[in-house]
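Below is one structure, written out as structure tokens, with a few remarks after it.
What you are looking at is a predicted structure, and each value in this text was computed from that prediction instead of being measured. Every chain is numbered from 1 and lettered A, B, ... according to where its sequence line falls, protein lines coming before strand lines.
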Amino acid sequence: MKIQDTLSNTEQELDISKNIKIYLCGVTVYDESHIGHARTIIVFDVLRKYLENKGIVIELIQNFTDVDDKIINRAQTENSTAEKISTKYIENYFKDFEGLNVKRATAYPKATEHIDDIIKFIEKLIEKEIAYTSKNGVYFSVSKFPSYGKLSKKKIDELQSGSRIAVDEQKKDPLDFAVWKFSDIKPIWDSPWGKGRPGWHIECSAMSIKYLGNNFDIHGGGRDLIFPHHENEIAQSESCTGSQFAKIWMHVGMVTIGGEKMSKSIGNVKSIKHVLENWGPNIIRLFCLSGHYSKPIDYSEEFLKENLTKWRQVETCHYELVHVNNENSEDITQMIKKLGVDFDNSLDNDFNTHLALSAFFQLVKETNKLAAEEKLGKNNADEIKKELKRMRGILGLVISEITESEKGEIDELIKNREEYRKEKQFEKADKIRDKLNEMSIELIDHKNRTIWMKKERIKSQ
RNA sequence: GGUACUCUGGCAGAACGGUUAUGCGUGAGCCUGCAAAGCUUAUACAAGGGGGUUCGACUCCCUCGGGUACCUCCA
């Protein structure tokens, strides 16, 4: 599998001969998560599910930044504590992502639970004279890391001249960044240098190395983290360990609205909770996977609606397979195999989910076509089901299922409706259809049989 | 200003030199008591502008232009 690496700006081969270790920068828990967060996390969720489908063991570590100015500010304005705020939004996070069918990461380390590791990390940097103490905190000395800027392709001198950074008198160099900030406002911890809290970037260095070792396979996050966050992580980590940090840097494009980045400061944020209520997980996932992960994707109701149409096709397809009763089967093994290979090849080639979805929808379409022509046999259905289930598993798409008792009720109602139809009492027949619709059951009248499907309820429809 | 990315048919979005992707939408048809869904079929000067390399370019090079992101809040 090849993945485009931001650092080398080339495609790198991912070594799948052994376990794969991935570190994903998670969220700062001071507010509700939005669709931009969802995209990044869904992309990595599908990546891990795809690799797991190949039988590879994945270690996926995703942090929570639970100590940060924003959390502290929020705590102050809400007359609460930083701990309460972060706990609240971590719970909120899990609710959102469970709703999105995202599989839990191997671990979700929090900065506040790794203060010792962070302090040890900083001690090493000070020992090596790469970090220094000043009046306001401990700073990383950028000039001690000659390749600073290699990830974001920035030149140090250009950064300095073009900078709009408020110069901190205490810093030796305006580019230096804090690894430890002195503070008296809780939450604070003791350190060899004084009371305070860690800087933002250091937590990811300390925790990724702790959980995954000096040199792991993929480090991911949103594109907006390239600078300064990931640049600084590289500087700290490689200075500390003396060896290469992540092998591949994989960055996910922004979600935009009307071409503009979705962000709190612009105020065009769509929360996961809100969109989930209106559109459900499957449509959001299709939306997030519909473009190449590295490119921006524009959020719009129309686009979600388009994905709703697609999702209905998947549901139809699924229920055609469930209700198949034809004994004769066509030879479709090759077709299924080809689309399965297309699907995998697309993902192997820099994780092209859009193309993978193309293969997926082609299989859906082929199935619906066979069903429409009454050519779909039971053996065919079993074959297709198996492959579709695999693809859906990777994509994280979940079909609404139904209980056995509901099934009995539905069959009964359909039977009644058939009677009415035979007697040409269409009003009564339609009433039954309406009743089923209220249960989210849609009827599909074929030539000489009627099948039903359970539709996911979509509020926005 | 610097850096990176991007510019494809009404819309969304692929193919890393040669094969009219694909989906949505739209038109027509099939099926149906009607509907929905599905299926069939049709639809598009397609390549930001201009050069160049090549037998051949969406794909490579140059140049001009538009857009977005980042340049210490950010997924």
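Residue contacts for A/K455: at a heavy-atom cut-off of 4.0 Å it reaches no nucleic acid atom on any strand shown. Within 4.0 Å (heavy atoms only), A/R417 reaches at least one base atom of the nucleic acid. Contact annotation for A/K305: no contact, since no heavy-atom pair falls under 4.0 Å across all strands. Among the heavy atoms of the strands, none lies under 4.0 Å from A/R39. Residue contacts shown for A/M453 are absent, as no nucleic acid heavy atom lies under 4.0 Å away. Contact annotation for A/G26: backbone-only contact, meaning every heavy-atom pair under 4.0 Å involves sugar-phosphate atoms and none involves a base. Contact annotation for A/L355: base contact, defined as any heavy-atom pair under 4.0 Å involving a base atom. Heavy atoms of A/G221 sit under 4.0 angstrom from primed sugar atoms or phosphate atoms, though from no base atom. Contacts of A/F303 with the nucleic acid, taken as non-hydrogen atoms under 4.0 Å apart, involve only primed sugar atoms and P, OP1 or OP2.
The existence of a salt bridge linking A/E238 and A/K150 is confirmed by a sub-4.0 Å separation between a basic side-chain nitrogen and an acidic carboxylate oxygen. A salt bridge does not link A/D411 to A/K407: none of the charged nitrogens lies less than 4.0 Å from a carboxylate oxygen. Looking at A/R417 and A/D445, a side-chain N of the basic residue comes within less than 4.0 Å of a carboxylate O on the acidic one, giving a salt bridge. In this structure, A/E98 pairs ionically with A/R104, as a charged nitrogen and a carboxylate oxygen lie closer than 4.0 Å. The pair A/R312-A/E315 meets the salt-bridge criterion, with a side-chain N (NZ, NE, NH1 or NH2) lying under 4.0 Å from an Asp/Glu carboxylate O. Using a cut-off of 4.0 Å between Lys/Arg side-chain N and Asp/Glu carboxylate O, A/K431 and A/D434 are scored as not salt-bridged.
Comparing the P positions of B/A69 and B/C62 gives a spacing of 26 Å, expressed to the nearest Å. B/C7 and B/A14 have their P atoms separated by 9 Å, with the value rounded to a whole Å. Atom name C1', nucleotides B/A12 and B/U6: the rounded distance is 16 Å, in whole Å. As rounded to the nearest Å, B/G50 and B/G66 have C1' atoms that lie 15 Å from one another. Remark: the separation of the C1' atoms in B/A42 and B/U20 is 14 Å, to the nearest Å. If you take atom P in B/G27 and the same atom in B/U32, they sit 23 Å apart, rounded to whole Å. With both ends at atom P, the span from B/G49 to B/U8 equals 10 Å, rounded to whole Å. Here, B/U53 and B/C11 have their C1' atoms 35 Å apart, quoted to the whole Å.
Comparing atom distances between the A/K70 side chain and each of B/A36, B/G38, B/C73 picks out B/C73 as nearest. Residue A/K365 places its side chain closer to B/U40 than to any other of B/A75, B/U72, B/U40. When distances are taken from the side chain of A/N368 to each of B/A75, B/C74, B/C39, the shortest belongs to B/C39. Comparing atom distances between the A/T309 side chain and each of B/C16, B/A21, B/G25 picks out B/G25 as nearest. Among the nucleotides B/A37, B/C16, B/G13, the one closest to the side chain of A/T316 is B/A37. Of the listed nucleotides (B/G23, B/U22, B/C34), B/U22 has the atom at the smallest distance from the side chain of A/S358. Comparing B/C24, B/A75, B/C5 by their closest approach to the side chain of A/N9 singles out B/C5. Set against B/C24, B/C74, B/C39, the side chain of A/E306 has B/C24 as its closest nucleotide.
Judged by closest nucleotide on RNA chain B, A/D430 is the one of A/D430 and A/H37 placed further toward the 5' end. Ranked by how close their nearest RNA chain B nucleotide is to the 5' end, A/S152 and A/A371 are led by A/S152.
Listed here is the closest heavy atom pair of A/P198 and A/I118: CB-CG2, 3.9 Å. Across A/A359 and A/D342, no two heavy atoms sit closer than the pair CB-CB, 4.0 Å.
Rounded to an integer number of Å, the gap from A/I444 CD1 to B/C34 C1' is 16 Å. The CG-C1' distance, from A/N345 to B/A21, rounds to 15 Å in whole Å. At whole-Å resolution of the value, CD in A/E427 and C1' in B/C34 are 12 Å apart. Whole-Å rounding puts the A/D445 CG to B/C30 P distance at 18 Å. Straight-line distance from the CD atom of A/Q362 to the C1' atom of B/U22: 7 Å, rounded to whole Å. Taking atom CG on A/D350 and atom C1' on B/A15, their separation rounds to 14 Å, with Å as the unit. For A/K375 and B/G38, the NZ to C1' distance is 15 Å, given to the nearest whole Å. Rounded to whole angstrom, the span from the CG atom of A/D69 across to the C1' atom of B/U72 amounts to 12 Å.
Below the 3.5 angstrom threshold, one finds no donor paired with an acceptor across the side chain of A/K154 and the base of B/C71. The base of B/A35 lies close enough to the side chain of A/R433 for a donor and an acceptor atom to sit less than 3.5 Å apart. If you check distances only, the side chain of A/E302 never reaches the base of B/C11 with a donor-acceptor pair under 3.5 Å.
A stem is defined here as three or more consecutive Watson-Crick or G-U pairs, each with both distances under 3.5 Å; for RNA chain B these stems are B:1-7 with B:65-71, B:10-12 with B:22-24, B:25-30 with B:38-43, B:48-52 with B:60-64.
Heavy atoms of other residues, nucleotides or ligands lying less than 6.0 angstrom from NZ of A/K305 number 12 at most. Counting heavy-atom neighbours within 6.0 Å of A/K273 NZ, excluding the residue itself, gives a total of 12 or less. Summarising the local packing, OH of A/Y420 is surrounded by 12 or fewer heavy atoms from other residues, nucleotides or ligands at distances under 6.0 Å.
With respect to A/H114, the ring-ring contact (aromatic ring centres under 6.0 Å, His included) criterion is satisfied by exactly one of A/F64, A/F121, A/Y211: A/Y211.
In this model, the phosphate group of B/G23 is not approached by any side-chain N or O of A/N307 to a distance below 4.0 Å at OP1 or OP2. Using a 4.0 Å cut-off, no side-chain N or O of A/Q313 falls inside it from OP1 or OP2 of B/A37. Note on A/K261: a side-chain N or O is less than 4.0 Å away from OP1 or OP2 of B/C70. Applying the 4.0 Å criterion to OP1 and OP2 of B/U40, one finds that A/K369 has a side-chain N or O inside that range.
A heavy-atom distance below 4.0 Å to RNA chain B is reached by these residues of residues 288-300 of chain A, ordered by number: A/S290, A/G291, A/H292, A/K295.
Between A/E59 and A/F216 there is no side-chain heavy-atom pair separated by less than 4.5 Å.
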- Query: Going through the distances and angles, do A/D176 and A/Y132 end up as a side chain to side chain donor-acceptor pair (under 3.5 Å)?
  - Reply: CA-CA 10 Å; A/D176 293 351; A/Y132 59 90; 2.6 Å; yes

